[in-house]
Amino acid sequence: MSTTIIFPAQPEQILKGLSKLWTSLGEEEKHQGRPTVLRACAMTLIVATDEADAGFSASQTISELMHEHPARGIVLAVSNEAENDLQARVLAQCWKPFGKAQQICCEQIEITAKPGSWQNAAPTLAGLTAADLPVIFWCRHHGALKKDASDTDKAGLDAIAKLATKLIIDTAGMDTADGIALITKWQGEGKLVADLEWTRLTPWREPLAHLFDNPARENTISAFHTLEIEHTEEKPSMQALYLAGWLSAPSKATVQFRRATGFGAGIQRVSFRSDSEAIEFERTSAHCVTLWSTNGRERKYTFEEESLTALLTEELAVAGYDQAFNSALERARQLIA
Amino acid sequence: MSVLVQPLTEPNPLQDSLRFARRVPPCAIVIFGASGDLSKRKLLPSLYRLFYERRISQNFAVIGSSRTPMSDDQFRERMKESVSKFLEDAPFDEDIWKSFAQCLFYVAGDLSEEDSYERLKTKLDAVEKSHQTAGNVLFYLSTQPSYYAEAIKKLGAHQLQKGNGWRRVIIEKPFGHDLESARKLNDDIHQVLDEGDVYRIDHYLGKETVQNILAFRFGNGIFEPLWNRRYVDNVQITAAESIGVEGRGGYYQEAGALRDMIQNHLSQVMATVAMEPPTVFDAANVRDERAKLLRAVRVVKPDDVAKYAVAGQYGPANVGGQNLPGFRQEPSVTPDAQTDTYAAVTFFIDNWRWADVPFYIRTGKRMPKRVTDIAIQFNAPPLGLFSQETKGGLREARPNLLVLRIQPEEGISLRFLSKSPGSGMRVRPVSMDFNYGSSFGERTPTAYETLLVDAMAGDATLYTRQDMVDASWQIVQPILDVWGNSKFDFPNYPAGTWGPKASDEMLARQGHVWRVP
């Protein structure tokens, strides 16, 4: 359900639009004589994007996320095609859980901005955040994340970042030094920062970590001195650096990266060695990874390249300081130094 | 009593509690009754799911045991069929199954034969080496209850109750069929095992929404001050099923609703709703409070049973165009069966918090719908300032109702009065809803997944302890005794209704009515 364009995009006008939307949804309840709509909101999720689809794919991802993380979603699409400097429309993302009579609805606000105006969006956004709930900012504005971003883009990004409790970026494809520098800058400003390249590693990290849970195992992690990571990119990606940082930090193991081909893109194989044991964890088919150790047995795990929705679902569930990420980042900094 | 949650001895620097599943130590699980229904429908699908989601240790093995002669491979093949058939809300993955199947083993044997335990011991030793299970063993008694005592005695006789690691035993309900047999069973168990190693499973306590009662009560500051006799008028706990006995007529005829539901599941739910806050959230403290609450429940005198308890049995009816048989027409049920397929009881809790507040519990089969919920009915405001006419013209005497929904639409709703829009001060009840599924869209683990992981991790919070079982039998035993010596004029409610008239009358005597869930 959507409403007409709101211009100028002032917070009061947009909130009025949302209020009208709920009144119209309530009409249905009145006719049916029972509650038919449930409003759900656990956070404000702001997405800024400069992608060519004018926010379409961002909106799509938000609507998928709503099922697990109900939110007031705000998509800020920066586009040359925008009709006005800043304009908005409001809509409700509704779905009916299987077998349930009641619809669940979340609010979504779509704001379009001309490239020169997006640094003015922050005051509007400030008036639209849901009260007393966390504000998460997922930055898909690639231009603003670049090292050589324009002043306008930098100003826009900084103004929105100030509103946020947590910032989420995706450094896939970015220069690793630039990525680390950007995250370090924000962390220095006291922000919680997450990188989806780190989130992509959970299916690799969890089985490896569990290997060292067994108190009866012969070799503790401190005995592993050599780590080799095979990846498909020309240079080690942020993902490979994070994994190396995380796995090598406890033992300060020597790290080597190697380019290889395999199943899909990204990390293909992790090899971790001590004097008496070798652990190999590798992609053995498009949908499977296999973990084996010279001292143990083989175990297979399902492996899917996670969708953006799945990655964000995991990341939005992490509300506080991420110790493991920060340790891995610190070690990654040392590795590229 | 043993340690409540056994920590893994060495900290693992790679652990990430923000993102990884809870750590579970290596162990072997021995399932007695492995070819039975519970194993096929619940236990193996739950274990596979835990394996699939990486929630159990890589050093893990399952040893199934039952009388049916089978090889390891035959057992794996059978379990594969069951898991793929009964896996709830999750995909079956062939590759993962192959890995999981390498952890499955089988030992054929009769629980009464000594040789079976020796073969089991040999297999456990082998698995401990091959799968590095660190000597930890979780025995699961998924057998006929009459075998519990003997199986545990023989575990002791063959020294299987101790080893290199920890040893724990999960016991399925029923824990006895009356107070005397429950006490005898406990005595038999304690000949071999410490109470801390005994995990009596009540799958109701493993349900997410039952656990959420504790979070709701003790994680918030605004409800607990109202949670007492000053503000609560009555509490109603309903566990209704729309189905009949579904081929279990023979078993059910011996059990009945009071034994099957109220003695265990619903009395534990009542204890969770009414217990005092524990000083620390751990198994010992939570279970102490539950046990204390159950001990405070007033034991009804035989002469008062008719006043505070109602038995019912469904008769035939046509529901939605379908002719449904009465209980006595069900297969394997005798034509003059005196079984209670419906039971309603008024309990009073004699402590400072709840004195004189009735807790009404009802459960039944062939009711209009499947629903389990707990309704806290708050007192009316001291002065009725507003015209409280609802649509149906009924006066809403006590507008504030908090409903904790266990199933099927898990959640919490709070009803209160609000002014209707327009002129005049007309009020109507509105409901503020929290929907568990919509606020947390992720897949909810089944009760068996939760409870199995807890047992492996040594967390007994959601398991019942001997004194809790004893106390819950004590409160239902006088009712069972009186009903056992009575001849009821059954059936007394048609299928598809909310139970016998006598149940309504029981509440009416206290000035209350059953709510319609």
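All values below were derived from every heavy atom in this structure, side-chain atoms included, with hydrogens, water molecules and symmetry-related copies excluded. If you're wondering where the values come from, they're calculated on a predicted model, not measured in any experiment. Lettering of chains follows the sequences in order, A, B, ..., and the numbering in each one begins at 1.
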Are the side chains of S99(B) and E298(A) in touch, meaning some heavy atoms are under 4.5 Å apart? no
Salt bridge check: are D93(B) and K300(A) linked by an N-O gap of less than 4.0 Å? no
Considering all heavy atoms, the nearest Y321(A)-L18(B) contact: O-CD1, 3.6 Å
In terms of heavy-atom proximity below 4.5 Å to chain B, should F303(A) be classed as side chain, backbone, both, or neither? neither
Step-by-step side-chain contact (heavy atoms from CB on, under 4.5 Å) determination, Y301(A) to D95(B): CA-CA 8 Å; Y301(A) 298 88; D95(B) 278 336; over 6 Å; no
Under a 3.5 Å cutoff, is there a donor and acceptor pairing between the side chains of Q15(B) and D213(A)? yes
Answer yes or no: is there a donor N or O on one side and an acceptor on the other, between the side chain of E206(A) and the main chain of A21(B), under 3.5 Å? yes
Smallest heavy-atom separation, T202(A) atom then F20(B) atom, equals CG2-CE2, 4.2 Å
With a 4.5 Å heavy-atom cut-off (strictly below), which parts of residues 239-248 of chain A touch chain B? List them by number. W246(A), L247(A)
Under a 3.5 Å distance rule, please check whether Q58(B) uses its side chain to pair with a backbone N or O of P207(A) as donor and acceptor. yes
Need one label for R205(A): side chain, backbone, both or neither, based on atoms under 4.5 Å from any heavy atom in chain B. both
Taking the side chain as C-beta and beyond, is there a heavy-atom pair between W198(A) and R19(B) under 4.5 Å? yes
Counting heavy-atom pairs under 4.5 Å with chain B, the top scorer among L208(A), T199(A), V318(A), T302(A) is T302(A)
Under 4.5 Å from a heavy atom of chain A, the part of F51(B) involved: both
Does NZ in K121(B) sit with more than 12 non-hydrogen atoms of other residues, nucleotides or ligands closer than 6.0 Å? yes
S17(B), part contacting chain A, at a heavy-atom distance under 4.5 Å: neither
I'd like to know which of H210(A), E314(A), R299(A) tops the heavy-atom pair count under 4.5 Å against chain B. R299(A)
Supply the atom-to-atom distance L211(A) CG to L14(B) CG, rounded to the nearest 0.5 angstrom. 9.5 Å
